[in-house]
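Report on the structure given below.
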Amino acid sequence: MSFPTTPAEVTTPAEARVDLSAIRENAALLRERAAGALLMATVKADGYGHGMVPVARAALEGGADRLGTAYVREALTLRAAGVTAPVLAWLIPPGEPLEEAVAKDVELAAGAPWLVDEIAAAAGRAGRPARVHLKIDTGNGRGGATAADWPALLERALALQAAGTVEIAGLWSHLACADIPGHPSVEVQLDAFDEAVGVAEKMGAAGPGVLRHIANSAATLTVPRARYDMVRPGIALYGLSPVPQLGDFGLRPAMTLVARVALAKRVPAGSGVSYGHLYVTDCETTLALVPLGYADGIPRHATNQAEVLAGGRRRRIAGRVCMDQFVIDVGDDPLTEGDEVILFGEGSHNEPTAQEWADSLGTITYEIVTGIGSRVPRVYR
Ligand SMILES: *Cc1c(COP(=O)(O)O)cnc(C)c1O
C-alpha cells in the first residue's frame with residue numbers, strides 16, 4: 001500500500017481509502033465469470049459508499065459494459081460527470097426527472113403500465129424514444145409486474161413502441177435468495193423468468209437486442225443458469241463476498257477505513273470509559289480516542305464489540321460508540337496522537353475486514369460500507 005501513513009501527510013481525522021485498482025480487478029474477474037454475458041456494474045448508493053463516479057470509471061476500465069443505479073438522479077450524476085456508458089436506473093416512483101433522463105440517454109426500468117406511460121410522455125417531451133427495461137416479479141416480492149399483470153405491461157410497452165416513444169431494451173427480474181447456496185427459490189424464480197420471457201417472445205417483445213437479466217453478485221458467481229444476456233453485480237465489484245460462507249471468490253476489498261488518534265492518555269485502573277461507563281479499565285492503561293462515530297457509519301451496536309488495528313495489534317472498541325468518536329484501550333502500547341488506526345481494510349496487514357465487522361455486528365458488509373457517512377472523505381489510489 002502506498003497510501004500516506006505519517007500524520008504530516010494525512011489531512012483529515014479519518015478517511016476511506018479506495019483502491020481503484022481493486023475495483024478494476026474485481027470488474028475484470030466478474031467479466032470473466034459472466035462467461036460472455038454483458039457486465040453491468042451496480043454503482044448505486046454512491047458506489048456502495050466508495051464514491052460513485054470514480055468507481056464507475058474504474059469498473060468501466062476493468063471491463064464493465066454498462067452501469068446500474070437505483071435512482072434516476074444517480075444516473076444523472078454519472079452523466080453530469082461525463083460518463084457516457086449505457087446506464088440503467090431501476091427504482092422509479094412517480095414524478096422523477098424522466099425527461100432529463102431520456103434526454104441524457106439514461107435507460108429506465110418499469111414494472112407497471114403507469115410508469116411506461118410516464119416514461120413515454122417524458123420521451124415525447126425529450127423528442128427521442130426512451131429505452132425501457134420491463135421488470136417481472138418472479139418471486140422477490142418487491143418491484144416488477146406479477147405474472148398476472150405481465151401481459152398488460154408488455155402490451156402497453158409494445159403499443160408505445162409502435163408509437164415511437166418507447167424502445168423495449170430489456171426484460172429483467174431480481175432474485176430473493178441467490179446468496180443462500182442451493183435455495184430452491186432460485187430455480188423457481190429462473191423458471192418463472194423463462195416463462196415470462198416466453199410470453200414476451202410470443203407477443204413480439206423479446207429477441208435480439210432485448211437484454212434478459214436477473215443476476216446479482218451471488219448469482220453471477222454461483223448460478224451459471226442466471227447469467228442470461230447480462231449480469232448486474234454490486235457488492236462483488238467492491239471486493240466483498242456475496243456469499244461469505246463460500247469464501248472470497250478471489251475478490252479484493254477496495255475500501256480501507258482509517259482514522260488518526262485524536263488523543264492518547266494514561267488512566268488508572270477502574271476508569272469508566274464513554275457514555276454509560278460500559279467499559280471500565282482493569283489496570284493502569286492508555287486510552288486512545290478515535291474520531292469516528294455513528295454519524296460516520298460506525299454502528300452504535302459496535303460498542304464493546306468490533307475490533308480495529310492500532311499499533312499493529314487488534315483492539316476491541318472500549319465502551320459506547322458516540323456520534324463522533326469512540327475509545328480503544330491500547331494497554332502499554334506507545335500509541336500517540338496522530339497515529340493511524342485501521343477500522344477495516346483488505347485484511348492483508350492483520351487489520352479486520354468489513355466482513356469481520358459485519359459478522360461481529362450481525363449484519364452484512366453492504367450495510368457497513370454503504371453506511372460510511374459523508375463527513376468521511378473518500379481518497380483514491
Ligand atoms: C443492488 C442491486 C443489484 C446488485 O446486488 P448485489 O447483491 O450487490 O450484487 C443488482 N440488481 C438490483 C436490481 C439491485 O437492486
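We count residues from 1, following the sequence as given. When a ligand or atom number is given, it counts from 1 through the structure's own listing order.
Considering backbone and side-chain atoms together, Pro233 places no N or O closer than 3.5 Å to any N or O of ligand 1. Considering backbone and side-chain atoms together, Ala218 places no N or O closer than 3.5 Å to any N or O of ligand 1. Residue Trp90 places at least one N or O, backbone or side chain, under 3.5 Å from an N or O of ligand 1. Looking at ligand 1, you'll find an N or O of Tyr48 within less than 3.5 Å of one of its N or O atoms.
Ring pair Trp172/His133: centre-to-centre distance not below 6.0 Å.
Remark: minimum distance from atom 7 (O) of ligand 1 to any protein heavy atom is reached at Tyr366 OH, 2.6 Å. Looking from atom 9 (O) of ligand 1 to the surrounding protein, the closest heavy atom is Ser217 OG, 2.5 Å. Of all protein heavy atoms, the one lying nearest to atom 1 (C) of ligand 1 is Lys44 NZ, 1.4 Å.
In terms of modelled atom types and a separation under 3.5 Å, the side chain of Asn216 and the main chain of Gly234 share no donor-acceptor contact. Thr353 places no side-chain N or O within donor-acceptor distance of the main-chain N or O of Glu346, the cut-off being under 3.5 Å.
Between Trp90 and Leu88, some side-chain heavy-atom pair lies under the 4.5 Å cut-off. No side-chain heavy atom of Arg378 sits less than 4.5 Å from a side-chain heavy atom of Glu15.
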Practice problem: Apply side-chain hydrogen bond (donor to acceptor under 3.5 Å, both in side chains) to the pair Thr77 and Glu74, showing each step before the final yes or no. | Solution: CA-CA 5 Å; Thr77 299; Glu74 295 176 311; over 6 Å; no

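With respect to the salt-bridge test (charged N to carboxylate O, under 4.0 angstrom), the residues Glu356 and Arg314 qualify.
Within the 4.0 Å heavy-atom criterion, neither part of Tyr238 lies near ligand 1. With a heavy-atom cut-off of 4.0 Å, Arg232 touches ligand 1 through backbone and side chain alike.
Residue Trp172 approaches ligand 1 through these ligand atoms, each under 4.0 Å from one of its heavy atoms: 13 (C).
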